[in-house]
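Down below is the structure, laid out as structure tokens.
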Amino acid sequence: MTANPIAETVASLMPRAKAELAELVAFESVADPAVAPGSECEAAADWVADALRSEGFQDVALLATPDGSQSVYGLLPGPEGAPTVLLYAHYDVQPKLDESAWVSPPFELTERDGRWFGRGAADCKGGFIMHLLALRALRANGGVPVSVKVIVEGSEEQGTGGLERYAEAHPGLLAADAIVIGDAGNFRVGLPTVTATLRGMTMVRVTVDTLEGNLHSGQFGGAAPDALAALIRVLDSLRAEDGSTVVEGLDTGAAWEGLQYPEADFRKDARVLDGVDLIGRGSVADRIWASPAVTVIGIDCSPVAGAAPSVPASARAQISLRVPPGQDAAEATKLLFAHIEKHTPWNARVSVEQVGQGQPFLADAGGPAYTAMADAMRVAYPGQEMQTAGMGGSIPLCNTLSELYPSAEILLIGLSEPDARIHAVNESVSPQELERLSVAEAHFLVNYARSHRA
């Protein structure tokens with residue numbers, strides 16, 4: 001086998017990478033002061049900035065974004081005439097959720113069963129470490145052949161748009177020829193994948209009111225309108241009998257062309273209980289990458305613990321509607337509002353508030369950056385061809401960057417393969433994937449620089 005100095009260098013750097021990821025995971029950097037102290041995000045941002053400075057980056061800055069968070073920026077100039085590549089990650093993380101359900105402490109990187117466990121290990125602190133590994137490997141083997149900009153966001157998980165608004169106000173800052181978003185993941189461990197589509201999202205909060213106050217269910221139940229029952233009717237109207245999303249006027253018939261997701265694999269990845277049916281129609285890929293999907297992510301009403309025998313006067317729910325490429329999230333929001341209002345029973349009072357929105361994203365996968373990445377993936381994953389897949393989640397920044405820099409190719413890679421369990425308890429990263437993707441990114445930068453010289 002031909003020696004690969006880049007791969008050998010990355011392998012030698014893995015103990016350092018683990019130690020650094022442990023330091024970064026230790027920050028409870030949830031960008032919500034109701035969940036974690038703001039000082040945790042500030043400390044994580046400082047750590048990232050120091051790491052960039054130690055790698056020779058110039059103009060390292062903590063950018064105060066309009067949502068109150070900090071994004072970290074740095075520039076590593078390359079050879080004269082070389083293209084510029086922007087590398088993205090985020091240091092903020094999801095909350096730990098039920099800490100008692102974690103096998104090991106959520107903010108303490110712990111090795112178990114060949115994986116490294118900890119909140120943010122894959123999403124997306126590991127993505128930043130991946131960028132560092134790739135750059136270090138290149139510096140040890142002749143230098144970085146492109147100019148590199150790094151941007152590490154501080155509020156991606158909150159969806160508050162701080163970095164998007166900052167980039168719009170400073171349009172030259174993140175300009176690049178190619179952009180690598182390190183916040184996606186392989187279709188599964190060992191199968192190199194670039195994500196080419198993202199579903200957009202609209203988030204709404206629905207409140208139903210029927211009474212001035214709760215009433216004794218024995219004295220008034222049966223005639224007094226139950227706000228929770230009305231809300232349940234509304235929520236049920238959003239799905240057909242088979243569980244497919246139903247929002248009047250919203251196209252739900254698109255099909256996914258490309259890499260397919262076998263149902264048995266999906267059931268295993270999603271940990272569907274034995275005997276429980278999947279919902280929706282069409283292939284699994286149709287359902288999660290090409291179709292709208294509604295999810296009720298929270299309900300406020302009287303809790304079961306301490307519940308009194310009374311008729312609820314008010315109930316509230318938060319609804320997420322994922323919107324596939326080819327559909328407009330703003331138009332989907334209007335249709336969702338109209339559907340909810342139409343299907344609210346008994347003339348109950350209903351109010352609908354939008355609390356978040358992001359447009360879907362479709363990448364142009366036919367340019368030189370994709371060719372450079374496919375060649376790099378073959379080196380990092382011998383015997384495997386790069387796959388192109390969709391992702392059901394949303395990264396609104398992709399649309400902002402696409403609009404600001406329409407000629408830039410945007411590639412989404414990363415460490416969030418199914419076994420990583422991002423956004424859930426016991427999140428983890430595969431160190432083998434971290435190593436291979438770092439090798440791939442390094443070779444991509446070499447290939448991309450070469451393509452510009454050709």
Next on the checklist: Between the side chains of Asp265 and Lys268, is the shortest nitrogen-to-carboxylate-oxygen separation below 4.0 Å, so that they form an ion pair?
Outcome noted: no
Item to check | Interatomic spacing from CG in Asp32 to OG in Ser69 - rounded to 0.5 Å | outcome: 12.0 Å
Item to check | Short side-chain to backbone donor-acceptor contact, Trp102 and Lys96, under 3.5 Å | outcome: yes
Item to check | Atom pair CD1/OG of Ile179 and Ser402 - distance to nearest 0.5 Å | outcome: 8.0 Å
Item to check | Flag for His452-Asp177: side-chain donor and acceptor within less than 3.5 Å | outcome: no
Checklist entry - Passes side-chain contact (heavy atoms from CB on, under 4.5 Å), Arg115 versus Val189? Steps please. => result CA-CA 12 Å; Arg115 298 182 67 93; Val189 170; 4.1 Å; yes
Next on the checklist: With side chain to side chain contact (heavy atoms under 4.5 Å, CB included) as the test, pick out the partner of Ile319 among Val352, Val206, Thr202.
Outcome noted: Val206
Checklist entry - Any side-chain heavy-atom pair from Asp67 and Gln158 closer than 4.5 angstrom? => result no
Checklist entry - Any sub-3.5 Å donor-acceptor pair from Lys125's side-chain atoms to Leu24's backbone N or O? => result yes
Checklist entry - Would a distance-only check, ignoring hydrogens and angles, find a side-chain to backbone donor-acceptor pair under 3.5 Å from Gln359 to Ala329? => result yes
Next on the checklist: If I take atom CD from residue Glu157 and atom SG from residue Cys124, how far apart are they, to the nearest 0.5 angstrom?
Outcome noted: 8.5 Å
Checklist entry - Roughly how far apart are Asp98 CG and Asn426 CG, rounded to 0.5 Å? => result 10.0 Å
Item to check | Where Phe57 and Gly74 come nearest, the two heavy atoms and their spacing | outcome: CD2-C, 3.4 Å
N/O donor-acceptor pairs under 3.5 Å from side chains in residues 274-281, not counting sequence neighbours:
residue: Arg281; atom: NE; partner: Asp242; partner atom: OD2; Å: 3.2
residue: Arg281; atom: NH2; partner: Asp242; partner atom: OD2; Å: 3.0

Checklist entry - Measuring from Leu238:CG to Leu336:CG, what's the distance to the nearest 0.5 Å? => result 6.5 Å
Checklist entry - Any side-chain heavy atom of Val246 sitting closer than 4.5 Å to one from Thr252? => result no
Checklist entry - Taking Lys18 for the side chain and Pro431 for the main chain, is one N or O donor matched with an acceptor at less than 3.5 Å? => result no
Item to check | Sub-4.5 Å side-chain heavy-atom contact between Met391 and Arg199 | outcome: no
Checklist entry - So, do Glu164 and Glu153 sit near enough that their side-chain heavy atoms are less than 4.5 Å apart? => result yes
Next on the checklist: Restricting to non-hydrogen atoms, name the atom on Ile6 and the atom on Ala442 that form the minimum distance, rounded to 0.1 Å.
Outcome noted: CG2-CB, 3.7 Å
Item to check | Polar contact flag, side-chain donor to acceptor under 3.5 angstrom, Asp269-Tyr261 | outcome: yes
Next on the checklist: Does Leu87 form a side-chain contact (heavy atoms from CB on, under 4.5 Å) with Glu441? I'd like the steps, not just the answer.
Outcome noted: CA-CA 10 Å; Leu87 305 179; Glu441 183 167 279; 3.9 Å; yes
Checklist entry - side-chain contact (heavy atoms from CB on, under 4.5 Å) between Met373 and Ile413: does it pass, once the steps are laid out? => result CA-CA 10 Å; Met373 183 62 79; Ile413 64 172; 4.2 Å; yes
Item to check | Side-chain donor-acceptor pair present, Ser430, Glu417, cut-off under 3.5 Å | outcome: no
Next on the checklist: Would the distance check show the side chain of Glu427 and the main-chain N or O of Asp123 forming a donor-acceptor pair, the cut-off being under 3.5 Å?
Outcome noted: yes
Item to check | Smallest separation among heavy atoms of Leu404 and Pro171, with atom names | outcome: CD2-CB, 4.2 Å
Item to check | Check: Arg165 side chain, Thr65 main-chain N or O, donor-acceptor pair, under 3.5 Å | outcome: no
Checklist entry - Which residues pass the side-chain contact (heavy atoms from CB on, under 4.5 Å) test with Leu191, sequence neighbours left out? => result Phe187, Arg188, Thr193, Gln384, Gln387
Checklist entry - Would you call Arg119 and Val25 a side-chain contact if the rule is heavy atoms closer than 4.5 Å? => result no
Checklist entry - Which value, rounded to the nearest 0.5 Å, describes the distance between His90 atom NE2 and Ile151 atom CD1? => result 13.0 Å
Next on the checklist: Using 30° and 60° as the class boundaries, would you call the ring planes of Phe444 and Tyr448 parallel, tilted or perpendicular?
Outcome noted: parallel
Checklist entry - Distance-only, no hydrogens or angles: does the Arg322 side chain make a donor-acceptor pair with backbone N or O of Ser291 under 3.5 Å? => result no
Next on the checklist: If I compare all heavy atoms of Leu63 with all of Leu173, which pair ends up nearest, and what's the gap?
Outcome noted: CD1-CD2, 3.6 Å
Checklist entry - Where is the tightest heavy-atom contact between Gly154 and Asp92, given as atom of each residue plus distance? => result O-CB, 3.2 Å
Next on the checklist: Any non-hydrogen side-chain atom of His443 less than 4.5 Å from a side-chain atom of Asn4?
Outcome noted: yes
Item to check | Counterpart residues, side-chain contact (heavy atoms from CB on, under 4.5 Å), relative to Leu13 (two or more places apart) | outcome: Thr9, Leu133, Arg136
Next on the checklist: Check whether Glu40 reaches the backbone of Glu28 with its side chain - one donor and one acceptor, N or O, closer than 3.5 Å.
Outcome noted: yes
Item to check | Main-chain N/O of Trp256 paired to Asp286 side chain as donor or acceptor, under 3.5 Å | outcome: yes
Next on the checklist: Testing Leu250, Thr295, Thr333, Leu335 one by one against Leu321 for a side chain to side chain contact (heavy atoms under 4.5 Å, CB included), which residue passes?
Outcome noted: Leu250
Item to check | Side-chain (Tyr405) to main-chain (Gly172) donor-acceptor, under 3.5 angstrom | outcome: no
Item to check | Heavy-atom check, side chain of Glu20 versus side chain of Trp47, under 4.5 Å | outcome: yes
Checklist entry - If you take all heavy atoms of Ala317 and Leu231, which pair is closest and at what distance? => result CB-CD2, 3.9 Å
Checklist entry - Where do Leu198 and Cys398 land on the side-chain contact (heavy atoms from CB on, under 4.5 Å) test, with the steps shown first? => result CA-CA 9 Å; Leu198 299 169; Cys398 288; 3.9 Å; yes
Next on the checklist: Out of the candidates Tyr166, Tyr73, Tyr88, only one should pair with Leu174 under the side chain to side chain contact (heavy atoms under 4.5 Å, CB included) rule; please name it.
Outcome noted: Tyr73
Checklist entry - Tell me, do Pro106 and Glu99 make a side-chain contact under 4.5 Å, heavy atoms counted? => result yes
